[in-house]
Amino acid sequence: MTFGIEFVPSDPVLKVSHYAKLAEQQGFDNVWITDHYNNRDVYTTMAVLALNTNSIKLGTGVTNPYTRNAAIAASSIGAINEISGGRAILGIGPGDKATFDAMGISWDKPLTMTKETIAAIRAYFTGKTVNQTGEMVNISGAKMAFNTGNVPIYMGAQGPKMLELAGEVADGVLINASHPKDFEVAVKQIAAGAKTAGRDPKDVDVAAYACFSIDKDAKKAASAAQIVVAFIVAGSPDMVLERHGIDVAAKADIGGAIAKGDFGALMGGMITDGMMDAFSICGTPDDCKARINDLLDIGVTQIVAGSPIGPNKEKAIKLIGKEIIGGN
Ligand code: F42
């Protein structure tokens with residue numbers, strides 16, 4: 001098992017860098033930086049992290065093929081790979097429609113766009129001239145002018161077809177989920193894709209990109225994760241809620257409370273224990289370890305501690321290092 005951590009550059013870059021250095025010291029293997037247009041730029045953040053860390057792998061977690069053309073993504077991650085001495089990973093997923101609508105970018109064929117962009121980026125990594133004719137990505141004679149290295153590519157995916165595609169073409173897959181039931185399904189879909197492509201499913205790193213909250217006090221851990229779980233419930237497909245026995249009608253109520261900014265209602269009982277169990281790895285170190293072991297048994301190979309990580313980020317990183325990573 002490897003252990004990763006997610007940071008969102010809604011925090012200043014130097015603060016993220018401080019946390020990343022601490023995570024490295026605590027034995028984490030990977031740091032993943034999210035990419036949203038309205039936060040600090042992912043590659044700028046990773047460049048600073050590259051200079052301030054020595055061994056932790058640095059991944060976009062995840063960038064998208066709509067705001068960043070394949071050539072730009074290859075050049076950006078290639079530069080990070082160079083600065084970091086070969087520690088870069090490109091995490092890529094299609095992003096979500098609402099974000100691109102707001103930016104005036106049409107979000108067509110997310111799966112096809114992701115697939116063709118990954119093919120293009122892999123071609124750029126060879127350093128050869130790229131010619132590609134596709135439905136979404138067309139390239140006529142572009143090439144990288146420096147050695148990017150062959151950076152591993154991970155996909156952000158949840159849907160059945162995206163997970164199959166990850167099994168076919170990706171080195172790893174970052175799955176926004178926390179519960180064994182979701183991974184039972186996902187691991188099968190990834191394996192099916194790998195089989196189609198004649199690959200060994202074991203060659204795909206399966207990462208649980210989880211809402212994670214750890215504290216010695218289980219109640220404090222839970223209250224730090226409640227808002228994140230509220231957003232996950234509001235954005236989950238009905239099929240996923242049903243899989244966890246969650247009332248689908250609650251999704252609209254929670255979405256409404258989020259839209260109104262009614263955090264009092266959200267924190268005051270709308271988020272049930274069942275929702276917390278389905279959509280987070282949360283509690284004391286022993287609680288978190290039990291869930292992690294269940295995930296590993298099902299075929300998860302990387303645990304990524306995503307937001308909020310804990311009520312106190314620094315304490316949480318140290319607690320994971322001491323009680324979970326060090327304890328393995
Ligand atoms: N998104 C961000 O914008 N920034 C982030 O930092 C970020 C981090 C992140 C981390 C982990 C993770 O798992 C996801 C993350 N995401 C982030 C979201 C990510 O970018 C993707 O939006 C998300 O993972 C994709 O969700 P999904 O797997 O459910 O895929 C969607 C697109 C979907 O509908 N998939 C369907 C499926 O079954 O898998 C397939 C849809 C399909 O086949 N579409 C056809 C096509 O060609 O695209 C078109 C069909 C038609 O009718 O035209």
So do the side chains of [X] and [Y] get within less than 4.5 Å of each other, counting heavy atoms only?
X: Leu241; Y: Val233; result: yes
X: Ile320; Y: Phe212; result: yes
X: His179; Y: Phe279; result: no
X: Ile77; Y: Phe125; result: yes
X: Ile324; Y: Ile214; result: yes
X: Ile92; Y: Ile121; result: yes
X: Arg68; Y: Asp35; result: yes
X: Gln226; Y: Leu266; result: no

List the atom of [X], the atom of [Y], and the distance in Å for their closest heavy-atom pair.
X: Val204; Y: Thr301; result: O-OG1, 4.3 Å
X: Ala225; Y: Met276; result: CB-CE, 3.8 Å
X: Cys211; Y: Val229; result: SG-CG2, 4.1 Å
X: Tyr124; Y: Ala74; result: CB-CB, 3.7 Å
X: Val31; Y: Ile56; result: N-CG1, 3.9 Å
X: Ile246; Y: Gly274; result: CD1-O, 4.3 Å

Strictly distance-based, threshold 3.5 Å: is any side-chain N or O of [X] a donor or acceptor partner for the main-chain N or O of [Y]?
X: Ser84; Y: Ala50; result: no
X: Asn64; Y: Gly93; result: no
X: Glu116; Y: Met136; result: yes
X: Tyr209; Y: Gly61; result: yes
X: Asp11; Y: Val16; result: no
X: Asn30; Y: Lys57; result: no
X: Arg199; Y: Ala170; result: yes
X: Arg291; Y: Cys282; result: no
X: Ser236; Y: Ile232; result: yes
X: Thr196; Y: Ala192; result: yes

[atom2] on [Y] to [atom1] on [X], rounded to 0.5 Å:
X: Glu164; Y: Ile190; atom1: CD; atom2: CD1; answer: 10.0 Å
X: Lys318; Y: Gln25; atom1: NZ; atom2: CD; answer: 9.0 Å
X: Ile33; Y: Thr44; atom1: CD1; atom2: OG1; answer: 11.5 Å
X: Ile258; Y: Phe231; atom1: CD1; atom2: CZ; answer: 4.5 Å
X: Lys289; Y: Leu296; atom1: NZ; atom2: CG; answer: 13.0 Å
X: Asn69; Y: Ile139; atom1: CG; atom2: CD1; answer: 7.0 Å

Consider only side-chain heavy atoms of I, L, V, M, F, W and Y, link residues closer than 4.5 Å, and tell whether [X] and [Y] are in one cluster.
X: Met155; Y: Val62; value: no
X: Leu165; Y: Met113; value: no
X: Ile303; Y: Ile325; value: yes
X: Tyr19; Y: Ile309; value: yes

Subject >> Carboxylate-amine/guanidinium proximity below 4.0 Å for Lys181 and Asp277 >> reply: no
Subject >> Thr114 and its side chain to side chain contact (heavy atoms under 4.5 Å, CB included) partner, picked from Thr117, Ile118, Leu111 >> reply: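 Answer to the side chain to side chain contact (heavy atoms under 4.5 Å, CB included) test with Thr114 among Thr117, Ile118, Leu111: Ile118.
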Got a sec: does the [atom1] of [X] have more than 12 other heavy atoms crowding it under 6.0 Å?
X: Lys251; atom1: NZ; value: yes
X: Lys313; atom1: NZ; value: yes
X: Asp297; atom1: CG; value: yes

Subject >> Glu6 and Ser307: side chain donor to acceptor below 3.5 Å >> reply: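 Yes, because at least one side-chain N or O of Glu6 sits under 3.5 Å from a partner of the opposite role on Ser307.
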**OP:** Return yes if a side-chain donor-acceptor contact under 3.5 Å exists between Asp182 and His244, otherwise no.
**Re:** yes
**OP:** Anything under 30° is parallel, anything over 60° is perpendicular, the rest tilted; go ahead and classify Tyr154 against Trp32.
**Re:** tilted
Original post:
Under 30°, 30 to 60°, or over 60°: which ring-plane class applies to Tyr66 and Trp107, parallel, tilted or perpendicular?
Top reply: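 Plane angle between 30° and 60°, so tilted.
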**OP:** Give the C-alpha distance, both sets of side-chain angles, the deciding distance and a yes or no for salt bridge (charged side-chain N to carboxylate O under 4.0 Å, His left out) between Glu24 and Lys21.
**Re:** CA-CA 5 Å; Glu24 179 176 84; Lys21 178 88 206 151; 3.4 Å; yes
